[in-house]
Engineer: 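The structure is given below, and queries will be raised subsequently.
Side chains included, hydrogens not; waters and symmetry mates left out as well; all remaining heavy atoms used.
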Amino acid sequence: MCGRYAISLDPDQLATHFHAEPSETPLRARLNAAPSEYLPVLLNSGERRISLLRWGLIPSWAKDPTIANNLINARAETIEEKPSFRDAFKKRRCLVLADAFYEWQSLPNGKKQPMKIALQSGEPFAFAGLWEQWQPPEGEPLRTFTIITTSANPLIESIHQRMPVMLTPKGEQMWLDNQASVEVWRNLLLPFEADLMKIEPVTSDILRQSGM
DNA sequence: CCAGACGTTGTT
DNA sequence: GTCTGG
DNA sequence: CCAGACGTTGTT
DNA sequence: GTCTGG
């Protein structure tokens, strides 16, 4: 799950909302952010500036960067143990900026209905993420990220078993500060309560175009 | 010791 | 069915 | 996550 | 890099 999400705000609005400086490289809003794209995140580096990292984590030890295809999500339940994630969990956390995500509900007729999940307020929010830096055999280092998932809350449950971890504003800071122990962040901070969220069907036409 | 994996999703 | 690319 | 490819030879 | 399986 969480293989697509939306960033509808323009770059300046996005930066303002998260009390950050805009990214140095240009950023484009999009309704259908997909894995392998360079997308806006806030790193836990102290500097409050939006960075563009590639979606799909490549561990530093990877020989084959296509491993990223399989690492667009990380299960919260096992993130401490998995070789691909545990280093990043300790040292390289990030906020993945968004204002909606999509789940595809399987219908009885075999087709799939895309559903859009957002805050009732429509405001942007952050997913809990991890990032990594990978050195290719030649050329510049590549920075990548993954989005943490957990079990679905009551609202999402009807269409899907899992959902991305969405941070409250307080949770955002704790996440970046590496403050929370696993128990704390898993149980207290993270998934937004279902009554703060809304869910609605969207047409696949909207998602076909990556841009806006 | 070396060789090979290292992951998620959904679906059965 | 399974993999790759976006 | 979904959409789309998935293969070779030779010839233009 | 580090762990698991042979």
Engineer: Quick check for you: among dT8(B), dG6(C), dG1(E), whose closest atom lies nearest to any side-chain atom of K63(A)?
Structural biologist: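 For the K63(A) side chain, the nearest candidate turns out to be dG1(E).
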
Engineer: Pick the C1' atom in dA3(D) and in dC6(B), then give their distance to the nearest Å.
Structural biologist: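 dA3(D) and dC6(B) have their C1' atoms separated by 27 Å.
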
Engineer: If you check the N73(A) side chain, which of dC6(B), dT11(B), dT9(B) turns out closest?
Structural biologist: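 Among the listed nucleotides, the one closest to the side chain of N73(A) is dT9(B).
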
Engineer: What integer number of Å spans the P atoms of dT9(D) and dG4(B)?
Structural biologist: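 That atom pair is separated by 28 Å.
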
Engineer: Expressed as a whole number of Å, how far does the C1' atom of dG7(D) sit from that of dA5(B)?
Structural biologist: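 Going atom to atom, C1' in each nucleotide, I get 30 Å.
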
Engineer: Between the side chains of R4(A) and N32(A), does any donor sit under 3.5 Å from an acceptor?
Structural biologist: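 Judged by distance alone, the side chains do pair up.
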
Engineer: What is the distance from CZ of R92(A) to C1' of dG1(E), rounded to the nearest Å?
Structural biologist: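 The answer, rounded to whole Å, is 12 Å.
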
Engineer: Among dT4(C), dT8(B), dC3(E), which nucleotide has an atom closest to any side-chain atom of R75(A)?
Structural biologist: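 Per side-chain heavy atoms of R75(A), the pick is dT8(B).
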
Engineer: Under 3.5 Å, sequence neighbours excluded: what are the donor-acceptor pairs made by side chains of residues 58-65 of chain A?
Structural biologist:
unit_1, atom_1, unit_2, atom_2, d
D64(A), OD1, T66(A), N, 3.0
D64(A), OD1, T66(A), OG1, 2.8
D64(A), OD2, T66(A), OG1, 2.8

Engineer: When you measure from the side chain of R162(A), which nucleotide among dC6(B), dG6(C), dT9(B) comes out closest?
Structural biologist: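 Out of dC6(B), dG6(C), dT9(B), the nucleotide with an atom closest to R162(A)'s side chain is dT9(B).
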
Engineer: Are R30(A) and E37(A) close enough for a salt bridge, meaning some N to O gap below 4.0 Å?
Structural biologist: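 Salt bridge flag = yes for E37(A) with R30(A).
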
Engineer: Grab the CZ-C1' distance between F101(A) and dT9(B) for me, whole Å please.
Structural biologist: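 My rounded result for the distance is 15 Å.
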
Engineer: Can you check the E132(A) CD to dC6(B) C1' distance for me, whole Å?
Structural biologist: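 So the two atoms are 13 Å apart, to the nearest Å.
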
Engineer: Would you say CD of E24(A) has more than 12 non-hydrogen atoms from neighbouring residues, nucleotides or ligands within 6.0 angstrom?
Structural biologist: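 Count not over threshold, so no.
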
Engineer: Of all the heavy-atom pairs spanning P40(A) and I50(A), show the shortest one and how long it is.
Structural biologist: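 Scanning both residues completely, I find the closest heavy atoms to be CB-CG2, 3.6 Å.
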
Engineer: Looking at F89(A), is R93(A) sitting on its ring face, NZ or CZ under 6.0 Å from the six-membered ring centre and within 45 degrees of the normal?
Structural biologist: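 The answer is yes, since R93(A) meets both limits relative to F89(A).
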
Engineer: For the residue pair P164(A) and I147(A), what are the closest heavy atoms and their distance?
Structural biologist: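 That closest heavy-atom pairing would be CB-CG2, 3.8 Å.
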
Engineer: Indicate the atoms forming the closest heavy-atom contact of F85(A) with T146(A), along with that distance.
Structural biologist: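 Result for this residue pair: CE2-CG2, 4.0 Å.
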
Engineer: Which atoms form the tightest heavy-atom contact between L52(A) and Y38(A), and what is the distance?
Structural biologist: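 For L52(A) and Y38(A), the tightest heavy-atom pair comes out as O-CD2, 3.8 Å.
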
Engineer: So what does S106(A) touch, heavy atoms closer than 4.0 Å: a base, only the sugar-phosphate, or nothing?
Structural biologist: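 Here S106(A) touches the backbone only, sparing every base.
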
Engineer: Choosing from dG1(E), dT8(B), dT2(E), which nucleotide comes nearest the side chain of R86(A)?
Structural biologist: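 Of dG1(E), dT8(B), dT2(E), dT2(E) is nearest to the side chain of R86(A).
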
Engineer: What distance, rounded to whole Å, do you find between the two P atoms, one in dT11(D) and one in dG1(C)?
Structural biologist: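 It comes out at 38 Å once rounded to the nearest Å.
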
Engineer: Write down the distance between CG (D87(A)) and P (dC3(E)), rounded to a whole number of angstrom.
Structural biologist: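 The answer, rounded to whole Å, is 10 Å.
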
Engineer: Can a side chain N or O of T149(A) be found less than 4.0 Å away from OP1 or OP2 on dT8(B)?
Structural biologist: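 The answer is no; no side-chain N or O of T149(A) sits under 4.0 Å from OP1 or OP2.
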
Engineer: Roughly, in whole Å, what's the span from OH in Y38(A) to P in dG6(C)?
Structural biologist: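 Rounded to whole Å, this separation is 12 Å.
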
Engineer: Distance check needed: dC6(B) P versus F89(A) CZ, whole Å only.
Structural biologist: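 Distance, rounded to whole Å: 22 Å.
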
Engineer: Which of the following nucleotides, dT8(B), dG6(C), dT9(B), is nearest to the side chain of K82(A)?
Structural biologist: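 Out of dT8(B), dG6(C), dT9(B), the nucleotide with an atom closest to K82(A)'s side chain is dT8(B).
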
Engineer: Output the rounded distance in Å from CD1 (I72(A)) to P (dT4(C)).
Structural biologist: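 To the nearest whole Å, that distance equals 14 Å.
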
Engineer: Give me, pair by pair, the N or O atoms of the protein and of nucleotides 2-5 of chain D that are less than 3.5 Å apart, along with how far apart they are.
Structural biologist:
unit_1, atom_1, unit_2, atom_2, d
dC2(D), OP1, K112(A), NZ, 3.2
dC2(D), O2, R4(A), NH2, 3.4

Engineer: Checking contacts here: which listed nucleotide (dT8(B), dC1(D), dT9(B)) is nearest the side-chain heavy atoms of F85(A)?
Structural biologist: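 My answer, after comparing the listed nucleotides, is dT8(B).
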
Engineer: Name the nucleic acid region contacted by S36(A), choosing base, sugar-phosphate or nothing; use a 4.0 angstrom heavy-atom cut-off, strictly under.
Structural biologist: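 S36(A): base contact, heavy atoms under 4.0 Å.
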
Engineer: Separation of I156(A) atom CD1 from dC1(D) atom P, in whole Å?
Structural biologist: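 After rounding, the gap between these two atoms is 15 Å.
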
Engineer: Kindly give the heavy-atom pair with the smallest separation between T149(A) and R162(A), and that separation in Å.
Structural biologist: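 For T149(A) versus R162(A), the nearest heavy atoms are O-NH2, 3.2 Å.
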
Engineer: Run the salt-bridge test on E132(A) and R54(A) with the 4.0 Å N-O cut-off and return the result as yes or no.
Structural biologist: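 Salt bridge flag = no for R54(A) with E132(A).
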
Engineer: For DNA chain D, please output the secondary structure as dot-bracket, reading 5' to 3'. Pairs are Watson-Crick or G-U wobble, both atom distances under 3.5 Å; mark crossing pairs with [ ], other-strand partners with |, unpaired with a dot.
Structural biologist: ||||||......

